[in-house]
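Just so it is clear, the values below take in all heavy atoms, side chains as well, and ignore hydrogens, waters and symmetry mates.
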Amino acid sequence: MRSVGLAVFVCLSLASGCRPAPPTTAPPTAPEVSTCDGPSPAAGPSALTANLDSAFVCDPRPGAAGWIHMGSSFSPRPDLPPREAAPLDVQLPRFALVFDGRDGPRLDVPLATLRAEADYRLLVAGTRAPRGAAHHAPPTRAGVAELLAALRRELQPGAMLVLLAAEVDELADDPWGCIPLQDACLPLAELQQELAELRTGARVVVLAQARPRLAFSALADAAAVVVTFPAGQVGDRAARAFWSSQIPDRDGDGVIAVRERAAQARRLDRGGVRFVDPLGTLSFARRQARARGSAPLEVEGRPALDVAVADLAPGQIAVVNLSTTWCAACVPFRATFADLARRTGGPLRFIHAETDEQWEGFGARSYPAVAFIAPGGRLLGVAHDTDDPLAALALAEFESIDDRLAYHRAELHSRDHRVRGRGARAILALGPPGAALVDDLARDLHDEPVAAIILDILQALASYGEKARHAAPEMVALFNHEDSFVRRSALLALRSVGADPRPIACPLVALVADPDPGVRSAAIDLLAAAPSLPPAILPALRVIMEDESPAVRRVALAAFRRLPWGDAAIAALPTLLRLVTPGEPDDQRAEAIAALIDVGPRATAAIPDLTRLLADADPTIRRQTALALGNYGAAASCAVPSLAALEADPDPHTRRKSGEAMAKIGADRRMRQ
């Protein structure tokens with residue numbers, strides 16, 4: 001009573017009201033646990049020992065695989081300005097680079113025609129110097145180098161250049177061919193690289209006696225008019241018709257255009273003469289420049305586009321900007337396309353076509369895309385380089401799929417990354433026929449320095465499925481690539497072609513610890529594609545699971561949980577129990593105890609260690625341990641006293657899980673009796 005009176009007195013003595021003191025309670029004490037009998041699997045062999053003792057011995061450390069510890073370093077195609085021809089200036093001196101045969105003069109008539117049309121500065125590689133030649137050199141490698149040096153010195157930007165060759169010979173492994181010289185054969189691809197550095201206003205290329213069918217396409221681009229005549233008597237007659245002075249002026253403009261000359265030649269050899277002309281009504285005469293174009297016709301949807309191309313005149317080609325309302329890149333390209341239409345004339349009809357949907361039936365892999373359509377609605381091809389779409393106009397001459405394949409194969413070997421990228425995307429757009437180039441695409445993976453082009457090639461190979469399976473070694477080599485996009489795409493391509501993961505298991509295990517999550521996921525998916533493989537790789541995976549880096553250990557644990565182990569998972573118990581030891585990182589411990597739960601009733605050997613974890617300071621570990629023990633049923637009967645002690649646990653979820661675990665153990669025990 002005195003104590004109560006004293007309490008009342010104290011309350012009355014305070015200026016403010018009195019609150020009863022909270023009852024004193026002792027802090028929760030850890031439950032007394034009993035340990036089940038039995039040895040601890042955690043004391044088992046180390047991961048490294050298990051690896052060395054296994055039939056599948058593998059060094060799975062990331063450094064051993066050679067890949068780079070870094071995030072994405074995606075290297076797109078180098079951002080170079082588009083190669084746009086300088087405006088043609090008809091007042092500038094004109095030049096003609098002439099290859100007049102290695103055995104003697106053969107181009108007297110063409111040279112006479114040029115002199116009659118305008119004053120040309122002639123640079124001649126031949127056995128003798130023709131009348132009025134500004135530069136002459138023998139038809140040798142050194143002579144050609146001398147003439148090209150003179151051309152680079154003297155040709156002004158915007159001037160017109162005519163290139164004449166008396167013969168084009170075949171060249172092994174090169175569909176474009178070469179110009180025969182006395183001491184070598186000059187590849188047309190090499191000559192194109194030299195010409196690409198000259199800012200000519202326009203080029204006219206005339207190749208006589210061209211044996212390779214694709215010779216004309218080597219020098220074709222947006223700044224060149226190209227005509228080639230096939231080897232033989234018919235080709236010789238067509239060439240004479242081209243250079244004739246008796247060609248009618250069919251359009252009545254007072255000038256004989258190169259197009260009119262080509263039409264005359266094609267009357268003698270329609271199938272053999274090749275001609276491409278993105279520049280309009282260019283002629284050899286000084287009086288006339290390229291024809292000016294106009295703004296593109298604008299249409300919406302496929303029906304309107306079909307109507308627009310239905311009235312194309314013979315010889316006309318529709319250049320169609322395939323655009324979509326949801327394509328962000330289509331907006332700036334629209335202005336670029338309109339400018340190209342205004343600068344280009346002749347037989348090209350420019351159309352801007354837009355839709356809210358996909359453009360089906362054109363083979364476009366992305367937007368914007370530029371399609372070439374002939375009269376009658378026949379699709380001639382799709383440009384895969386919006387920086388220079390007319391460079392692909394030469395495809396309009398290829399009706400044979402073999403010609404297209406040979407053309408794109410040659411593109412893959414170009415020194416210009418834009419040409420290689422255009423070729424890879426074009427091969428992908430070909431669909432199934434492109435599988436004929438699997439070997440060429442795989443060979444390019446080996447040396448390609450531009451990551452964006454590698455991705456195009458991998459996408460093409462992946463689309464061919466089993467037909468590209470033999471290219472798997474080149475894809476595996478990309479596991480060492482510094483770019484994470486490339487590593488991940490190589491893995492996805494391997495999965496698409498149905499590559500067997502067993503021969504490449506070791507590098508795949510190394511990629512389980514890749515710093516990029518997309519790469520890790522793709523590697524695990526490929527490992528899981530062979531259900532019989534995971535048991536063999538478990539010793540190597542355990543090495544990564546016990547890596548010195550906590551981050552690597554964590555991702556390796558996540559990989560373990562995703563792969564199908566079956567009974568082999570028991571071999572991972574020593575590693576899993578070591579990873580859940582108190583003092584390890586919390587997120588790692590949570591992942592390890594979750595893996596032990598996944599192993600299920602097979603892991604009864606871990607019961608003694610798990611029972612001790614019921615007294616862990618982390619409520620998550622206590623709760624998950626109770627769940628694991630409950631899954632073992634009657635085998636975990638020895639843990640019941642420790643589970644019962646958790647009924648006083650301060651964490652309500654732990655109390656609930658311990659009760660559920662004891663109920664499962666009891667039910668299983670009664671069922672077995």
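Salt-bridge check for Arg213 with Asp403: passed, with a basic side-chain N closer than 4.0 Å to an acidic carboxylate O. The pair Asp516-Arg487 does not count as a salt bridge, with every side-chain nitrogen at least 4.0 angstrom from each carboxylate oxygen.
The side chain to side chain contact (heavy atoms under 4.5 Å, CB included) test applied to Leu430 returns Ile401, Leu405, His408, not counting sequence neighbours. Take Glu591 and apply the side chain to side chain contact (heavy atoms under 4.5 Å, CB included) test, not counting sequence neighbours, and it matches Leu557, Ala558, Arg561. Residues that satisfy the side chain to side chain contact (heavy atoms under 4.5 Å, CB included) test with Glu300, not counting sequence neighbours, are absent from this structure. Take Glu474 and apply the salt bridge (Lys or Arg N to Asp or Glu O under 4.0 Å) test, not counting sequence neighbours, and it matches no residue. Judged as a salt bridge (Lys or Arg N to Asp or Glu O under 4.0 Å), and not counting sequence neighbours, the contacts of Asp306 are Arg302. Residues forming a salt bridge (Lys or Arg N to Asp or Glu O under 4.0 Å) with Arg443 (at least two apart in sequence, or on another chain): Asp440. Residues passing the side-chain hydrogen bond (donor to acceptor under 3.5 Å, both in side chains) test with Glu194 are Arg152, sequence neighbours excluded. A search for salt bridge (Lys or Arg N to Asp or Glu O under 4.0 Å) contacts involving Arg589 returns Asp616, not counting sequence neighbours. By the side chain to side chain contact (heavy atoms under 4.5 Å, CB included) test, Ala189 is found to be paired with Trp176, residues two or more places apart in sequence or in another chain being considered.
By the 4.5 Å heavy-atom criterion applied to side chains, Trp359 and Thr324 are counted as neighbours.
Applying the salt bridge (Lys or Arg N to Asp or Glu O under 4.0 Å) test to every pair with at least one member in residues 317-334, sequence neighbours left out, gives these pairs: Glu298-Arg334, Arg334-Glu354. Screening residues 532-569 for ring pair (Phe, Tyr, Trp, His ring centres under 6.0 Å), with sequence neighbours left out, gives Phe560-Trp565. Each salt bridge (Lys or Arg N to Asp or Glu O under 4.0 Å) pair with one or both residues in residues 523-545, not counting sequence neighbours, appears once here: Asp525-Arg562.
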Carefully, step by step, assess Phe362 and Ile373 under the rule side chain to side chain contact (heavy atoms under 4.5 Å, CB included). CA-CA 10 Å; Phe362 289 97; Ile373 303 176; 3.9 Å; yes

